[in-house]
Amino acid sequence: MALSPLNQRRWRNFKANRRAYWSLMVFSILFGLSLFAEVLANDRPLLVNYRDEWRMPFLKFYSEKDFGGDFGTEANYKAPEVQCLILTGGLAECFDDAEDITKAVQAGRFDTATEGYQNGWMIWPLIPYSYNTINDLGGQAAPSAPDAQHWLGTDDTSRDVLARVIYGFRLSVAFGLIVTVLTSIIGIAAGAVQGYFGGKVDLIFQRALEIWGGVPELYFIIIVFAVWERSFWILLSIMVLFGWTRLIGVVRAEFLRARNFEYVRAAKALGVPDRVIIFRHVLPNAMVATLTMLPFAISGTIGALASLDYLGFGLPASLPSLGQLSRQAQQNLQMPSLAFTAFFTFAIMLSLLVFIFEGVRDAFDPRKTFQ
């Protein structure tokens with residue numbers, strides 16, 4: 001669908017801001033890759049060929065019995081016995097013990113000609129660890145320094161840091177975007193109604209906002225999680241519950257200024273419904289001031305999530321969290337790679353988001369033109 005002339009002008013203005021444009025490109029690549037985190041970092045193979053059948057363990061559950069084993073639990077694809085079952089087509093009995101299996105798997109020596117199957121094979125992700133994979137460090141203490149197997153090292157529970165950064169980046173950005181979108185919709189609608197109608201509506205809204213603003217958010221979160229278990233959706237709901245007031249002041253001021261403009265009075269005189277005047281005629285003029293606040297809103301949401309995770313009142317411990325990585329960096333000062341990873345992840349992510357929204361703000365500003 002072709003863009004309207006107005007949106008074409010906005011896109012040209014955005015591209016003219018090279019910092020914002022290239023930040024969008026870099027962020028889109030990083031976030032796009034993180035959306036396929038299960039393909040990039042996983043402790044299950046992407047593709048398995050077993051007895052000339054193709055299987056995708058990273059998408060579907062397969063038990064050890066599905067590969068000729070004895071157990072109905074999920075197959076441990078890194079176990080030498082399971083690798084032997086896959087690579088030999090289920091002829092694990094041809095080996096005497098686990099040591100022989102390990103040597104054969106490493107050497108790739110299998111004889112399956114008697115069964116008529118070709119040797120099986122597995123394709124692993126680029127990072128063969130998920131965010132919750134507990135790795136065997138071979139007697140090395142955790143956290144461990146970066147090496148060939150763990151490019152950013154491991155945390156204090158032997159989990160791969162790079163895998164947790166990929167999953168945590170996706171989770172943090174998704175959380176921040178969802179909260180920002182929901183709070184913006186509620187806040188803009190509330191501020192528009194408050195500023196457009198004024199009078200008693202504005203007075204009642206202001207008193208209610210003053211009361212609600214006095215509720216301590218952190219204490220509320222602590223009380224809620226003392227009653228219910230921590231979860232992604234409960235935390236998101238609380239952040240929306242307290243964050244929607246962020247944009248009301250800006251939107252209200254713009255509507256109070258614009259409600260007496262001549263084109264608004266003319267629309268009222270012609271009988272145009274209030275909702276049409278609010279959202280079609282006045283709101284577009286208030287978007288520049290609103291978009292100015294969005295970089296601070298999304299970066300503040302991500303920072304708040306990281307702070308809550310750092311304090312232990314954020315997402316469940318089972319989920320990948322950049323805030324947990326920051327806390328581990330503080331608790332393991334002997335491993336500076338954790339601190340550097342947390343710092344650069346937050347710095348790059350938040351800088352890119354701020355640059356992008358600065359470009360969006362300038363693109364919607366009618367006073368700026370494409371050069």
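As a basis for the values below, the full set of heavy atoms in this structure was taken, side chains included, without hydrogen atoms, waters or symmetry mates.
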Quick test of your reading of the model: are [X] and [Y] salt-bridged, counting only N-O distances below 4.0 Å?
X: Glu254; Y: Arg257; answer: yes
X: Arg207; Y: Glu210; answer: yes
X: Arg44; Y: Glu38; answer: no
X: Arg252; Y: Asp202; answer: yes

Test side-chain contact (heavy atoms from CB on, under 4.5 Å) on Leu305 and Leu171; report intermediate values, then the result. CA-CA 10 Å; Leu305 174 64; Leu171 184 64; 5.6 Å; no
Do you know which two heavy atoms are closest between [X] and [Y], and how far apart they sit?
X: Ala41; Y: Pro125; result: N-CB, 4.3 Å
X: Pro320; Y: Gly168; result: CB-N, 3.8 Å
X: Asp66; Y: Tyr50; result: O-CE2, 3.5 Å
X: Arg170; Y: Leu35; result: NH1-O, 3.4 Å
X: Arg259; Y: Phe197; result: NH2-O, 3.4 Å
X: Ile302; Y: Gly176; result: CG1-CA, 4.1 Å

Within this structure, what is the [atom1]-[atom2] distance for the pair [X] and [Y], rounded to the nearest 0.5 Å?
X: Asn17; Y: Trp22; atom1: CG; atom2: CH2; value: 13.0 Å
X: Met239; Y: Ile178; atom1: CE; atom2: CD1; value: 12.5 Å
X: Asn260; Y: Phe255; atom1: CG; atom2: CZ; value: 13.0 Å
X: Leu235; Y: Ile221; atom1: CG; atom2: CD1; value: 6.0 Å
X: Leu209; Y: Ile204; atom1: CG; atom2: CD1; value: 12.0 Å
X: Trp244; Y: Ser184; atom1: CH2; atom2: OG; value: 13.0 Å

Lys268 to Phe261 six-membered ring, cation-pi geometry met (6.0 Å, 45°):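 No, cation not above the ring by the 6.0 Å, 45° rule.
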Between [X] (side chain) and [Y] (backbone), is there a donor-acceptor pair under 3.5 Å?
X: Arg159; Y: Ile134; answer: no
X: Ser351; Y: Ile348; answer: no
X: Ser130; Y: Thr133; answer: no

Could you state whether [X] and [Y] fall into the same hydrophobic cluster, counting links through intermediate Ile, Leu, Val, Met, Phe, Trp or Tyr residues with side-chain heavy atoms under 4.5 angstrom apart?
X: Phe232; Y: Val240; result: yes
X: Leu241; Y: Ile185; result: no
X: Leu236; Y: Val224; result: yes
X: Val48; Y: Leu40; result: no
X: Val250; Y: Ile248; result: no

Could you work out the complete set of other residues in the hydrophobic cluster of Ile211, with links drawn between I, L, V, M, F, W and Y side chains under 4.5 Å apart?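 Same cluster as Ile211: nobody, lone residue.
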Linking directly or through intermediates, with side-chain heavy atoms under 4.5 Å: list the remaining ILVMFWY members grouped with Leu338, chain and number order.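 Cluster partners of Leu338: Leu126, Ile127, Tyr129, Trp151, Leu152, Val161, Leu162, Val165, Ile166, Leu325, Met335.
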Is there a side-chain contact between [X] and [Y] (heavy atoms, below 4.5 Å)?
X: Phe58; Y: Met56; result: yes
X: Phe355; Y: Glu358; result: yes
X: Gln149; Y: Pro128; result: no
X: Tyr310; Y: Gln324; result: no
X: Leu311; Y: Arg327; result: no
X: Lys60; Y: Arg55; result: no
X: Thr345; Y: Leu322; result: yes
X: Tyr263; Y: His281; result: yes

Partner set under ring pair (Phe, Tyr, Trp, His ring centres under 6.0 Å) for Phe357, not counting sequence neighbours: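 Applying ring pair (Phe, Tyr, Trp, His ring centres under 6.0 Å) to Phe357 gives none.
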Which of these, Val264, Val251, Val276, sits in a side-chain contact (heavy atoms from CB on, under 4.5 Å) with Val282?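 So the option named by the test is Val264.
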For the [atom1] atom on [X], are there more than 12 heavy atoms of other groups (residues, nucleotides or ligands in this structure) within a distance under 6.0 Å?
X: Phe340; atom1: CZ; value: no
X: Gln334; atom1: CD; value: yes
X: Trp212; atom1: CH2; value: yes
X: Tyr219; atom1: OH; value: no

Take Leu46 and Leu59 through the test side-chain contact (heavy atoms from CB on, under 4.5 Å) and record every step on the way to the result. CA-CA 8 Å; Leu46 301 177; Leu59 291 178; over 6 Å; no
What orientation do Phe14 and Trp11 show, parallel under 30°, tilted 30 to 60°, or perpendicular over 60°?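 Parallel, since the angle between the ring planes stays under 30°.
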Passes side-chain contact (heavy atoms from CB on, under 4.5 Å), Trp54 versus Leu47? Steps please. CA-CA 7 Å; Trp54 287 8; Leu47 189 63; 4.2 Å; yes
Evaluate Tyr131 against Asp160 for side-chain contact (heavy atoms from CB on, under 4.5 Å), listing each step before the verdict. CA-CA 7 Å; Tyr131 66 89; Asp160 187 77; over 6 Å; no
Ring-ring centroid check Tyr62 Tyr77, cutoff 6.0 Å: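 So the answer is no for these two rings.
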Between Phe313 and Phe225, is the gap from one ring center to the other below 6.0 Å?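 Ring centroids of Phe313 and Phe225 are no less than 6.0 Å from each other.
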Out of the candidates Thr154, Asn135, Asp155, only one should pair with Ser144 under the side chain to side chain donor-acceptor pair (under 3.5 Å) rule; please name it.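 Of Thr154, Asn135, Asp155, side chain to side chain donor-acceptor pair (under 3.5 Å) with Ser144 is met by Thr154 alone.
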Going by atom types alone, do Gln328 and Asp156 pair a side-chain donor with an acceptor below 3.5 Å?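 A pair is found: one side chain offers a donor N or O, the other an acceptor, under 3.5 Å apart.
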